[in-house]
Amino acid sequence: MRIRKKTTPQTAAHPLEIPAPRHARRSPAAMCALAIAASVTACGVGSSAHGQLAQDKQILATCDASAPPASDIQLDGSGSSASKAITEERMAAVEEIVRTTAICSGRLRVLVFSSSSAAATTLFDETLALHGATDNAKLKRVPQLIEGIMTQIRASYGPAVSGLPGGGSDITGQYRLAQEWAEQVGGDYRLHLYLLTDGFETVGGLNLYKKVLTKQEASELVDQMAVPMLTGASVTVAGLGRVAGSPPPSRVAEGLVGFYDALCKKSGAATCLSVTDYAAAGR
């Protein structure tokens, strides 16, 4: 599997992070983002395209031409998170990931899964390329490209979910699918795995549904598992504990974060992010 290894240390995000004080100093990137938002608000709808172009230029500046992203978005299609609100949150995150992947000339796959790695349906799998003589010309094609991709994903999502077998959710099995896809894509791409799921694994003798795990218990559980190697990859698991109906206790969500952090660490990924918020996946 040809995935460039990054030296970025493994990191994990806690779902209950304390926001910075109001008087805290903002980073230059944050100030720039605020300035763009302010200009869009002040100038009205007519300047929204200009504001988006400025943000797209910021994304372009972060792209690594030597290791474009192979973005693998895997959507949990099991019934526990089947709600219109959750679907819209996921689609918003997907759209932002699509935007970054397109701007960085990456490869994109989007699939929906349920009870096993075999129970998965691919909604989209293509290399994204922007044509144009200049960066501005290329970036101006982004909105139309995203619109076409999202239209295809949204149209395919409902029928794909309906066609999946029931019987639970095999989330950890998707790591193997990601490994196989990364090997298939090859080249100098860097794998970015996005698992948009409530985190409640219920198959293969592992049942995390509403189970409170301490960090140590989560680590010990992962130690007993065979985990595919995703060396150098970036892994984001978002939506943990976010279910249709009444939410589980916060301690359950915290346990899920610990479990998926440990799982990511064992996979050899370069960066790990396990969070309750779907929006974090699209940032």
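All residue numbers refer to positions in the sequence shown, counting from 1.
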Could you walk me through whether Trp181 and Leu193 pass the side chain to side chain contact (heavy atoms under 4.5 Å, CB included) test, one step at a time?
CA-CA 10 Å; Trp181 183 68; Leu193 172 60; over 6 Å; no
How long is the gap from CD1 on Ile86 to OH on Tyr278, to the nearest 0.5 Å?
5.5 Å
In a table with atom names and distances, give each donor-acceptor pair under 3.5 Å that connects a side chain of residues 138-147 to protein atoms at least two apart or in another chain.
{"unit_1": "Arg141", "atom_1": "NE", "unit_2": "His131", "atom_2": "O", "d": "2.5"}

Does the side chain of Leu230 come within less than 4.5 Å of Gln179's, by heavy atoms?
yes
Glu220-Gln216 side chain donor-acceptor pair, cut-off 3.5 Å:
yes
Would you check if the side chain of Thr236 reaches a backbone N or O of Tyr194 as a donor-acceptor pair within less than 3.5 Å?
no
Any side-chain heavy-atom pair of Val237 and Ile171 under 4.5 Å
no
Minimum heavy-atom distance between Leu191 and Ala178, given as atom pair plus value:
CD2-O, 4.0 Å
Pairs involving residues 51-88, ordered by first then second residue, that meet disulfide bond (SG atoms under 2.5 Å apart) (sequence neighbours left out)
Cys63-Cys104
Is the shortest distance from a Lys or Arg side-chain nitrogen in Asp125 or Arg107 to a carboxylate oxygen in the other one below 4.0 Å?
yes
Check whether any side-chain heavy atom of Val252 sits under 4.5 Å from a side-chain heavy atom of Phe200, and report yes or no.
yes
Calculate, to the nearest 0.5 Å, the distance between atoms OG and CG belonging to Ser219 and Leu263 respectively.
11.0 Å
To the nearest 0.5 Å, how far apart are OG1 in Thr276 and CG in Asp198?
12.5 Å
If you look at every heavy atom in Val112 and Ala160, which pair is closest and at what distance?
CG1-CB, 3.5 Å
Determine whether Leu123 and Gln152 make a side-chain contact, defined as any pair of heavy atoms from C-beta on separated by less than 4.5 Å.
no
Roughly how far, to the nearest 0.5 Å, is OG of Ser80 from CZ of Arg242?
12.0 Å
Where is the tightest heavy-atom contact between Asp170 and Ser115, given as atom of each residue plus distance?
CB-O, 3.3 Å
Any donor-acceptor N/O pair, Thr100 side chain to Ile97 backbone, under 3.5 Å:
no
Hey, is the main chain of Gly199 close enough, under 3.5 Å, to the side chain of Tyr260 for a donor-acceptor pair?
yes
Here the pair of heavy atoms bringing Thr172 nearest to Glu201 is N-OE1, 2.9 Å
Residue pair Ala281 / Leu196: nearest heavy atoms and the distance that separates them
CB-CD2, 3.7 Å
Between the side chain of Glu96 and the main-chain N/O of Arg283, is any donor-acceptor distance below 3.5 Å?
no
Just list the side-chain donor-acceptor pairs under 3.5 Å for residues 69-77, sequence neighbours left out, or say none.
{"unit_1": "Ser71", "atom_1": "OG", "unit_2": "Thr101", "atom_2": "OG1", "d": "2.7"}
{"unit_1": "Asp72", "atom_1": "OD1", "unit_2": "Arg109", "atom_2": "NE", "d": "2.9"}
{"unit_1": "Asp72", "atom_1": "OD1", "unit_2": "Arg109", "atom_2": "NH2", "d": "3.3"}
{"unit_1": "Asp72", "atom_1": "OD2", "unit_2": "Gln74", "atom_2": "NE2", "d": "2.9"}
{"unit_1": "Asp72", "atom_1": "OD2", "unit_2": "Arg109", "atom_2": "NH2", "d": "2.9"}
{"unit_1": "Gln74", "atom_1": "NE2", "unit_2": "Gln174", "atom_2": "O", "d": "3.4"}
{"unit_1": "Asp76", "atom_1": "OD1", "unit_2": "Ser78", "atom_2": "N", "d": "3.0"}
{"unit_1": "Asp76", "atom_1": "OD1", "unit_2": "Ser78", "atom_2": "OG", "d": "2.7"}
{"unit_1": "Asp76", "atom_1": "OD1", "unit_2": "Ser169", "atom_2": "OG", "d": "3.3"}
{"unit_1": "Asp76", "atom_1": "OD2", "unit_2": "Ser169", "atom_2": "OG", "d": "2.9"}
{"unit_1": "Asp76", "atom_1": "OD2", "unit_2": "Thr197", "atom_2": "OG1", "d": "2.7"}

Taking the side chain as C-beta and beyond, is there a heavy-atom pair between Met91 and Tyr157 under 4.5 Å?
yes
Apply salt bridge (charged side-chain N to carboxylate O under 4.0 Å, His left out) to Glu88 and list each qualifying residue two or more places apart in sequence or on a separate chain.
Arg154
Working to the nearest 0.5 Å, report the span between CG of Leu53 and CG of Asp135.
10.0 Å
If a pair satisfies salt bridge (Lys or Arg N to Asp or Glu O under 4.0 Å) and one of its residues is in residues 49-59, list it, with sequence neighbours excluded.
Asp56-Arg99
I need the Ser105 OG to Leu60 CG distance, nearest 0.5 Å.
8.0 Å
Can you confirm whether Tyr175 sits close enough to Leu195 that some side-chain heavy atom of one is under 4.5 Å from a side-chain heavy atom of the other?
yes
Using the salt bridge (charged side-chain N to carboxylate O under 4.0 Å, His left out) criterion, which residues pair with Arg90? Sequence neighbours excluded.
none
Using a 3.5 Å distance criterion without hydrogens, assess whether the side chain of Lys266 forms a donor-acceptor pair with backbone atoms of Val222.
yes
Please find the pair of heavy atoms, one from Ala244 and one from Ser83, that lie closest to each other, and give the distance.
CB-CB, 3.9 Å
